[in-house]
Amino acid sequence: MTETITAVPYDEAIARYEPLIGLETHVELGTITKMFCGCPAAFGAEPNAAVCPVCLGLPGSLPVTNRSAIEYTIRIGLALNCSIASWCRFARKNYFYPDMPKDYQISQYDEPLCTDGWLDIVVDGIDFRVGIERVHMEEDTGKSLHVGGATGRIHGADYSLVDYNRSGIPLVEVVTKPVPGTGTLAPVVARAYVTELREVLRALGVSDVRMEEGSLRCDVNTSLAPRGASQWGTRTETKNVNSLRSVERAVRSEIERQAAVLDAGGRVIQETRHFHEESGLTTSGRSKEEAQDYRYFPEPDLVPVAPAAEWVEQLRATLPELPSARRARLQAEWGLSDLDMTALGNAGALDLVADTVTAGATPADARKWWLGELSRHANESGTELAALAVTPAQVARIAAIVASGALNDTLARQVLEGVLAGQGSPDEIVAARGLAVVSDDATLLAAIDAAIAAHQDVAAKIRNGKAAAAGALVGAVMKATRGQADAARVRELILERLGQAYPLRDP
Amino acid sequence: MDSELTRMTAAGIAALVAAGEVSAVEVAAAHLDRIEAVDERVHAFLHVAADSALRAARAIDDRRAAGQPLGPLAGVPLALKDVFTTTDMPTTCGSRILEGWRPPYDATVTGRLRRAGIVILGKANMDEFAMGSSTENSAFGPSRNPWDLSRVPGGSSGGSSAAVAAFEAPLAIGTDTGGSIRQPGAVTGIVGVKPTYGGSSRYGVVAFASSLDTPGPLARTVLDAALLHEAMSGHDPCDSTSVDAPVPPVVAAARQADVSGLRIGVVTELNGEGYQPGVITRFTEAVELLESMGAKVTEVSCPHFGYALPAYYLIAPSECSSNLARFDAMRYGLRVGDDGTRSAEEVMSLTRAAGFGAEVKRRIILGTYALSSGYYDAYYGKAQQVRTLITRDFEKAFEQVDVLVSPATPTTAFPIGERADDPMAMYLADLCTIPSNLAGNAAISVPCGLAPEDGLPVGLQVMAPVLADDRMYRVAAAVEAALGQRRGHPLLDEANGLGEARPGQEGRR
């Protein structure tokens with residue numbers, strides 16, 4: 001059994017084998033209504049509340065194509081540099097399953113709406129152009145809930161429930177061409193592709209692209225060939241890959257598993273495999289040999305989709321700025337290095353920083369807050385930056401208060417803690433906690449004199465011209481004032497006091 | 001009075017109701033009485049909705065009493081083929097698998113009939129899922145031909161044709177996928193119309209073959225058929241394949257009944273060998289009649305029509321194999337074997353084995369095979385190419401002539417049981433009608449007399465280009481008028497299956 005084979009360590013696997021990856025991404029479109037009926041396409045209604053004769057597949061009902069779904073698909077195709085078909089059809093994919101009310105799915109087969117495009121990504125400073133084979137439309141199925149049994153799967157369940165709310169929600173499937181030449185970066189390239197695709201979809205506003213809610217779902221194809229071989233290996237298709245991290249892990253896991261199979265002289269079976277979040281491993285699903293014959297044929301209930309060339313051009317002209325172009329523009333505007341931009345991207349902070357800048361912060365301040373203090377918080381609480389309970393506008397406000405001199409960084413961090421703890425807006429927290437920089441020189445001088453008295457040795461060094469030593473005294477004063485002093489002013493006063501002053505300001 | 005009401009045309013009934021000379025309730029009651037009296041023998045209906053029919057009729061009378069305008073068919077009763085969904089009646093499609101199913105929505109056509117004030121008497125019998133030419137494939141037993149109760153009334157809309165021919169309803173609605181309105185119309189001596197594909201909505205018509213299914217009217221006169229045609233037709237946003245164009249002026253054409261100067265083509269390929277001699281006799285006479293009325297008749301060859309039947313028996317089963325997949329016991333209809341030990345797949349399988357009849361299974365298997373990977377190109381793909389060639393035959397023919405004519409069926413009504421075990425013989429009943437389904441153009445069958453050898457009705461088929469439905473009504477109405485004048489009484493007066501013929505005159509034609 002291939003299942004019991006011990007995986008080959010990743011580096012060894014890559015040393016002997018060349019991976020080839022491909023991705024199929026299902027995207028639930030954010031249209032108001034479903035693909036072929038007028039039911040709401042929103043997530044989260046009571047089970048079987050958003051249904052009608054059409055999406056329940058009742059006898060006699062007929063589908064009518066949602067024009068918005070076609071428009072969204074064309075926009076996706078254009079953003080992915082695809083050709084848009086001037087005429088194409090839907091097809092029926094026939095198979096029996098209880099959550100598919102018609103026992104066929106309306107999809108597209110040999111006549112997809114968008115074909116032959118690409119999406120550029122950068123991984124570790126290396127450019128990859130991921131070819132897009134096709135972008136096609138289809139309808140989602142209902143959702144089965146298997147009750148009883150240990151696994152939550154159909155086998156062993158006491159009974160099953162089906163919710164057809166999802167039935168007929170418009171889906172777009174984006175299929176890449178095989179991506180060669182990724183080598184050891186294959187898992188990261190896969191992840192970077194899905195990340196970038198998600199950014200593109202988000203920029204287009206065509207989907208809420210939430211992997212955890214299933215509005216973006218990924219199937220990952222992986223194959224291995226011995227290095228130098230003239231033919232690609234047999235691929236597997238890993239399903240149920242529901243996070244960006246899982247995309248990377250699934251490819252990695254399949255490379256390690258397939259390498260072990262090949263090392264043992266076995267052959268990789270063309271099959272569907274399931275990815276398991278907990279273990280990071282894949283297990284066998286149904287194999288291609290026993291796969292169904294879907295008996296595709298053109299959907300006779302629908303007329304062909306024939307988008308007018310003028311409409312397509314109008315959609316092309318009104319595409320929003322795409323993420324790569326936007327990144328290039330922001331990088332230039334902010335004056336950041338490639339490395340800085342990559343760091344922002346990896347941290348998922350680009351939009352947050354951009355929004356913070358828009359709200360009035362300097363790019364440097366915005367970047368500092370999000371990559372520094374806020375990233376630390378996100379890491380500690382195990383959430384994403386965007387999920388933190390602080391808005392870019394609030395971050396910008398904090399930065400503005402600091403810039404005005406009313407707060408120093410230490411106090412600003414306290415304000416941020418308050419915002420994250422849900423205690424109110426930055427200004428409310430400043431007011432409530434009475435946070436303000438102590439700028440009353442008399443108060444400061446008392447603290448400074450106390451610090452000098454307590455650290456005579458340091459004071460001596462400063463008197464001897466070693467101004468750099470002032471830091472220790474500043475620290476002591478800050479501590480004494482519980483951080484509420486303006487550190488720059490404290491330093492100024494210390495130097496003045498110890499005879500090293502130079503006029504910073506006119507009296 | 002009551003029996004006279006059932007003998008009247010739809011137009012005549014509507015006029016009386018509109019004038020207040022008879023109430024819609026009286027009309028409905030007369031027809032319900034007639035059903036009560038004869039349907040045990042005819043078996044045209046699977047479900048008679050007496051209460052809701054009387055309720056609908058009373059609403060018409062109330063509207064008239066309130067001085068509200070009534071449509072041209074208000075108060076006229078109708079038999080609705082049991083393939084249209086109805087919220088107030090079961091919809092079985094003649095199948096056990098849907099026995100007892102009460103749809104939660106009305107078909108578009110059902111809704112239009114109701115809004116037109118047409119009184120739906122009940123649901124008419126049919127071959128299971130409209131697959132057949134005799135109603136013998138109905139899970140609930142065959143309907144019988146009012147001309148001879150031992151013979152079939154045609155099919156699949158045989159309940160509809162039998163109801164109209166037996167005076168149980170002046171109007172009926174059927175669906176025509178390969179001839180399922182025209183063939184039953186022809187063999188029962190009434191008018192049957194397949195409108196242009198997409199001219200009438202399929203929404204709420206339980207699908208057999210989506211690219212072919214066409215709802216249409218059956219009636220005892222061409223004008224009645226035209227009135228119903230207009231009432232039921234028109235663009236439907238719920239059916240993507242519905243034509244977004246005005247309904248052709250079929251009522252005006254039926255009243256015009258004039259063929260002078262019209263170019264009529266006799267299809268070479270729909271004639272000759274394999275046709276019953278009496279059918280050819282009456283057809284030839286009808287063509288001569290048209291010529292005598294000023295039509296210019298020529299012979300036109302449609303060389304690919306010979307391949308229509310095999311192409312149809314690949315395309316229709318392919319589509320049906322997919323359309324009928326949804327009858328899986330999960331959401332509605334029959335469920336077999338759900339005893340807590342079996343998987344969903346097993347229940348699906350047991351239900352379909354028990355719920356579908358032999359012909360339906362045959363076509364599902366045929367279609368599944370034709371669509372299978374490795375066979376698709378040779379079967380479904382090739383059949384679609386043939387379909388294109390047949391469409392081109394029509395296009396070329398209609399460059400030369402305004403309408404085409406042929407016999408509607410190769411034979412008159414055959415005896416019940418004769419072809420039940422011989423699918424090929426059964427399929428041949430649709431030989432003449434199938435080409436227009438494949439091409440999507442309009443076609444009508446109008447009675448053109450009785451075959452001398454068996455005294456059974458013969459239908460003349462008139463085929464018109466897509467969306468030129470009015471042309472065929474002109475021709476059919478002209479034939480009807482001329483033959484009626486010659487005969488001196490309605491053809492159906494000679495029907496004697498129920499032992500009540502009243503020819504009164506000599507000379508069966």
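Quick note on labels: first sequence line is chain A, next is B, and so on, each numbered from 1. On a predicted model such as this, the values are computed, not experimentally measured, just so you know.
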For [X], which atoms come within 4.5 Å of any heavy atom of chain A: side chain, backbone, both, or neither?
X      : result
B:T85  : side chain
B:T368 : both
B:P103 : neither

Name the member of B:D213, B:N323, B:L98, B:T108 that forms the most heavy-atom pairs with chain A at distances under 4.5 Å.
B:N323
Picking from B:V205, B:T91, B:L212, which has the most non-hydrogen pairs under 4.5 angstrom with chain A?
B:V205
At a 4.5 Å cut-off on heavy atoms, which part of [X] comes close to chain B: side chain, backbone, both, or neither?
X      : result
A:P101 : both
A:D301 : both
A:Y294 : neither

Can you tell which of B:S240, B:S242, B:P237 makes a side chain to side chain contact (heavy atoms under 4.5 Å, CB included) with A:V64?
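Among B:S240, B:S242, B:P237, the one meeting side chain to side chain contact (heavy atoms under 4.5 Å, CB included) with A:V64 is B:S240.
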Closest non-hydrogen atom pair, A:G60 against B:R326
N-NH1, 4.5 Å
What heavy-atom pair brings B:R331 and A:Y164 nearest, and what distance separates the two atoms?
NH1-OH, 3.2 Å
Are A:E299 and B:S322 packed together at the side-chain level, in the sense that at least one heavy-atom pair is separated by less than 4.5 angstrom?
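No, their side chains stay 4.5 Å or more apart.
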Does any non-hydrogen side-chain atom of A:S61 lie less than 4.5 Å from one of B:Y105?
yes
Chain B: which of [options] shares the most heavy-atom pairs with it under 4.5 Å?
options                       : value
A:D158, A:D103, A:V54, A:V303 : A:D103
A:L56, A:L58, A:L302          : A:L58
A:P59, A:P300, A:C37, A:G38   : A:P59

Suppose we call two aromatic rings close when their centres sit under 6.0 Å apart. Are B:Y376 and A:F297 close by that rule?
no
Has A:K143 got more than 12 heavy atoms of other residues, nucleotides or ligands less than 6.0 Å from its NZ?
no
Does the A:D293 side chain pair with the main chain of B:S373, one donor and one acceptor, at a distance under 3.5 Å?
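Yes.
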In Å, rounded to the nearest 0.5 Å, how long is the span from CZ of A:F96 to CE of B:M348?
7.0 Å
